[in-house]
Chemist: 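Here it is: the structure, laid out below.
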There are 2 protein chains.
Amino acid sequence: MASQQDVAKRARVSFMTVSRVVNNHPGVKSETRERVLSAIRELAYYPNAAARTLNGRGTRNIGMIFPHKEFVLSRPFFIELCVELESHLSDTGYHLFLGSVRKETGSLDLTVLFKERKVDGLVIFAPERDDESVKRLAAEGLPFIVVHGRSDAVEYSYVDIDNERGVSRIMRYLFDLGHRRIGFVSGNMEEVNAQDRSACYRRELEAVGVGFDERIVHTGDWSLESGYEGFRALVGRAPAPSAIVFSNDQMALGAIKAAHDLGVSIPGDVSITGYDDIKYASFVVPALTTMRQPLDRVGEAVATLILERLDGRSECRRVILEPEFKIRDSCGPARAGGSPP
Amino acid sequence: MASQQDVAKRARVSFMTVSRVVNNHPGVKSETRERVLSAIRELAYYPNAAARTLNGRGTRNIGMIFPHKEFVLSRPFFIELCVELESHLSDTGYHLFLGSVRKETGSLDLTVLFKERKVDGLVIFAPERDDESVKRLAAEGLPFIVVHGRSDAVEYSYVDIDNERGVSRIMRYLFDLGHRRIGFVSGNMEEVNAQDRSACYRRELEAVGVGFDERIVHTGDWSLESGYEGFRALVGRAPAPSAIVFSNDQMALGAIKAAHDLGVSIPGDVSITGYDDIKYASFVVPALTTMRQPLDRVGEAVATLILERLDGRSECRRVILEPEFKIRDSCGPARAGGSPP
DNA sequence: TACGTTGATGTTTGCGCAAACATTCAACGT
DNA sequence: ACGTTGAATGTTTGCGCAAACATCAACGTA
């Protein structure tokens, strides 16, 4: 592969002049610049990223971290974010690095990726509350940001969607339809996001004077299967809920399957809501009433924040985006004479 | 960050001894080795990947390339493959690099990633037939492999699923159920995979003496929307097909929605089949009869093949995996007195 | 005793790039 | 005519690592 030296020779200049041209430094006569540029073209020269990195210029790689395969497969949102992020990053010459950090190894040491000079920055998706590796990153002052997370113990930049607003909007909608006995299926309760949505569900319930009843709350893990199970479990309770709030679409999709298997009608017998507005949400029957997470804006915000962290000039920031309520066909009015408070 | 030098100083040896320990070279007294190892631990030393790369040792990065955002979002299979691949690669110390190459830029020059020393090898997913960038990679002798692709013009290693077997199995199943008028909705016909499935559909039809009728063939693009449209279009034809073969699950899912909107029963009025067996296939109602692509084995094969290409010791290979037919609820017997041949 | 042999360790060198510093040369003012 | 200035370009150096080569002590053997 051609190096700066080769280009320099061909253009009859020193390689330093080549370097200046490549990096758009001023102080090169335009005639010389032209000569260098044609040499570059003729030799198909591309600067060697490894040498640049070694020279202290960073890797121009941003790592996106996930804990294990299953995590990704059960979170369509994650992938879409990767792609969205990649598209924003590549505009600024960055590349996306995908890395899993397995719990099995025990280490979970994300700082390694920095020390090995594999990435300049990291994006951590939905870490568990008080995650150790996140703490360590913060302690070492490494540039990273968190999506779908939040911490009281550590300071970092993060992007999230307003769960408060999202869940309360859903609850008010169901209240307006006359529902009072409303069940809830949570995501993986190790994650802040799941905790927040769950807490908000409970708060809204109490705000209208309906007591929280743990018999119609099911702890899921975001998966289709857990949605299926959750629906089965809650509908089996007596008195059964007339509506169930699911913490993501995927679980709500599982619920639709369960309803079919059980011969329960949605929304005739039970209303359900999802969260995320994934692609399938509007293609399933009945189309899912759900809370849209503005994925494109999340991707944009993530790119902006991580780039900000990189040049270190700014403080930690948080960006809270607003979800958008999508009313479709999975909710109906509560049956007259619904269950008493 | 600690360098080999720092470790060497602390262990009171030359940095070359450190290098030997780090790379597990023989010829270091075990006593010295121990001393070096503790110094490494104490200083939290990690070898600098950039320096190694500069030194001619490669990047240990494998790039996964996609053309644009929409491509990924409409191919759940792609993502799952990324994750699956990452898990196999990381066992051997490799990392996954995600890169889009946009058509807009016009360049489409994947060799850049090599020249810039960003990756050691590339995985190309479902390129269009005779894709220019693939040709260039091959011409330059760069290590890459293709998934869901195949070329007569260029030689390269690739992994694919036996479309021949898959489609013919589906067709025979439908024939056995008494279907004779069978429609087809293709994927993006620029891709080899879509072409193959389509060709096989036609061949099977003719093999049993049923003529190919282009009025019940719809050209889709793998997306939910195109499946929806395809179903609408085909069911509207007279005489309507009693079964429709979709080239992937996603489009079949779109069809289920369309059937509902049209008041057509699946499988009562029309039988449908998918392809891929994505997660949702078994959770939709009716559960989709489909052809499972053994994703885990694809991931494994991709990892193996690309690693083989890297050390250059082997010839180009191709791995054709067998799909597995999953019979579920989306097909039924053809109505008695079905449409004449 | 002198000398090769072997195992353990150290030194030199260069991978490609760019900051920091050095040099050259033409244009200008006095 | 001559020093001064500044724009344009060149040279040195080091980033961290490891191959290739060099050294050196300890040992066995003739």
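In what follows, every chain begins at residue 1, and chains take the letters A, B, ... in the order their sequences are listed.
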Chemist: Under 3.5 Å, which donor-acceptor pairs do the side chains of residues 1-14 of chain A form with other protein atoms, sequence neighbours left out?
Modeler:
{"from": "A/Ser3", "atom 1": "OG", "to": "A/Gln5", "atom 2": "N", "distance (Å)": "3.2"}
{"from": "A/Asp6", "atom 1": "OD2", "to": "A/Ser3", "atom 2": "N", "distance (Å)": "2.8"}
{"from": "A/Arg10", "atom 1": "NE", "to": "A/Glu42", "atom 2": "OE1", "distance (Å)": "2.4"}
{"from": "A/Arg10", "atom 1": "NH2", "to": "A/Glu42", "atom 2": "OE1", "distance (Å)": "2.9"}
{"from": "A/Ser14", "atom 1": "OG", "to": "A/Met16", "atom 2": "N", "distance (Å)": "3.1"}

Chemist: With sequence neighbours excluded, tell me which residues meet ring-ring contact (aromatic ring centres under 6.0 Å, His included) with A/Phe78.
Modeler: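 Testing A/Phe78 for ring-ring contact (aromatic ring centres under 6.0 Å, His included), a comparison that skips the adjacent residues, returns A/Phe66, A/Phe125.
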
Chemist: Tell me whether the side-chain N/O atoms of B/Arg52 come closer than 4.0 Å to OP1 or OP2 in D/dA18.
Modeler: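 Answer is yes, contact under 4.0 Å.
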
Chemist: May I ask you to verify if any side-chain N or O of A/Gln5 is less than 4.0 angstrom from the OP1 or OP2 atom of C/dG16?
Modeler: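 Result: no.
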
Chemist: For the pair made of CZ in B/Arg60 and P in D/dA18, what is the distance, rounded to whole Å?
Modeler: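 In whole Å, D/dA18 P and B/Arg60 CZ are 12 Å from each other.
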
Chemist: May I ask you to list the residues of residues 36-48 of chain B, by number, that have any heavy atom positioned under 4.0 Å from an atom of DNA chain D?
Modeler: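 Of all residues in residues 36-48 of chain B, the ones placing a heavy atom under 4.0 Å from DNA chain D are B/Tyr45, B/Pro47, B/Asn48.
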
Chemist: Where do A/Val22 and A/Arg52 come nearest, in terms of heavy atoms and distance?
Modeler: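 Nearest pair, atom of A/Val22 first, then A/Arg52: CG1-NH2, 3.6 Å.
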
Chemist: Using a cut-off of strictly less than 4.0 Å, decide whether A/Arg57 has a side-chain nitrogen or oxygen near OP1 or OP2 of C/dA19.
Modeler: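 Looking at the OP1 and OP2 atoms of C/dA19, one of them is under 4.0 Å from a side-chain N or O of A/Arg57.
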
Chemist: Return a table of donor-acceptor pairs under 3.5 angstrom between the side chains of residues 297-304 of chain B and protein atoms on other chains or two or more places apart.
Modeler:
{"from": "B/Thr304", "atom 1": "OG1", "to": "B/Glu300", "atom 2": "O", "distance (Å)": "2.8"}

Chemist: List the protein contact pattern of nucleotides 8-14 of chain D with one symbol per nucleotide (5' to 3'): B for base contact, S for sugar-phosphate-only contact, - for none; contact means a heavy-atom distance under 4.0 Å.
Modeler: SBBBB-B

Chemist: Please report the distance, rounded to the nearest Å, between NZ in B/Lys115 and P in C/dC17.
Modeler: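 Spelled out: NZ on B/Lys115 to P on C/dC17 is 14 Å.
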
Chemist: Once you round it to whole Å, what is the distance between P of D/dC17 and CG of B/Leu54?
Modeler: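 Taking atom P of D/dC17 as the reference, CG of B/Leu54 is at 12 Å.
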
Chemist: Rounded to whole Å, how long is the line connecting atom CE of A/Met1 with atom P of C/dG16?
Modeler: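 Atom-to-atom, A/Met1 to C/dG16, this comes out as 11 Å.
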
Chemist: Which pairs would a plain distance check flag for residues 142-155 of chain A, meaning a side-chain donor or acceptor within less than 3.5 Å of a matching protein atom at least two apart in sequence or in another chain?
Modeler:
{"from": "A/His148", "atom 1": "ND1", "to": "A/Asn193", "atom 2": "ND2", "distance (Å)": "3.2"}
{"from": "A/His148", "atom 1": "NE2", "to": "A/Gln293", "atom 2": "OE1", "distance (Å)": "3.2"}
{"from": "A/Arg150", "atom 1": "NH2", "to": "A/Asp196", "atom 2": "OD1", "distance (Å)": "2.6"}
{"from": "A/Arg150", "atom 1": "NH2", "to": "A/Asp196", "atom 2": "OD2", "distance (Å)": "2.7"}
{"from": "A/Ser151", "atom 1": "OG", "to": "A/Ala153", "atom 2": "N", "distance (Å)": "3.1"}
{"from": "A/Ser151", "atom 1": "OG", "to": "A/Val154", "atom 2": "N", "distance (Å)": "3.1"}

Chemist: Does anything in residues 70-85 of chain A form a side chain to side chain donor-acceptor pair (under 3.5 Å)? List the pairs, not counting sequence neighbours.
Modeler: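 Residue pairs passing side chain to side chain donor-acceptor pair (under 3.5 Å), neighbours aside: A/Arg75-A/Glu191, A/Glu84-B/Lys69.
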
Chemist: Measure from CG on A/Asn24 to P on C/dA19 and round the result to the nearest Å.
Modeler: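 The distance from CG of A/Asn24 to P of C/dA19 comes to 13 Å, rounded to the nearest Å.
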
Chemist: Kindly write out the residues that satisfy side-chain contact (heavy atoms from CB on, under 4.5 Å) with A/Thr92, not counting sequence neighbours, or none if the list is empty.
Modeler: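 A/Thr92: side-chain contact (heavy atoms from CB on, under 4.5 Å) contacts with A/Tyr94, A/Leu307.
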
Chemist: Checking A/Phe97 now: which residues fulfil ring-ring contact (aromatic ring centres under 6.0 Å, His included) with it, not counting sequence neighbours?
Modeler: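 Applying ring-ring contact (aromatic ring centres under 6.0 Å, His included) to A/Phe97 gives B/His95.
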
Chemist: Using heavy-atom distances to pick each residue's nearest nucleotide on DNA chain D, tell me which of B/Ser19 and A/Ala51 is more 5'.
Modeler: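 This one resolves to A/Ala51.
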
Chemist: Tell me the interatomic distance from B/Asn23, atom CG, to D/dC17, atom P, rounded to whole angstroms.
Modeler: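 Distance, rounded to whole Å: 10 Å.
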
Chemist: Identify, with sequence neighbours excluded, every residue that meets side-chain contact (heavy atoms from CB on, under 4.5 Å) alongside B/Asn55.
Modeler: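 B/Arg57.
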
Chemist: Listed by chain and number, what are the side-chain hydrogen bond (donor to acceptor under 3.5 Å, both in side chains) partners of B/Asp120, not counting sequence neighbours?
Modeler: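 For B/Asp120 the side-chain hydrogen bond (donor to acceptor under 3.5 Å, both in side chains) partners, ignoring immediate neighbours, are B/Thr59.
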
Chemist: Can you give me the closest heavy-atom contact between B/Leu54 and A/Ala51, atom names plus distance?
Modeler: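 Shortest heavy-atom separation between B/Leu54 and A/Ala51 comes out as CD1-CB, 3.8 Å.
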
Chemist: Just need the stems in DNA chain C: three or more back-to-back Watson-Crick or G-U pairs, each with both distances under 3.5 angstrom, sorted by first number.
Modeler: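 Stems for DNA chain C, defined as runs of 3 or more consecutive pairs: C:1-30 with D:1-30.
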
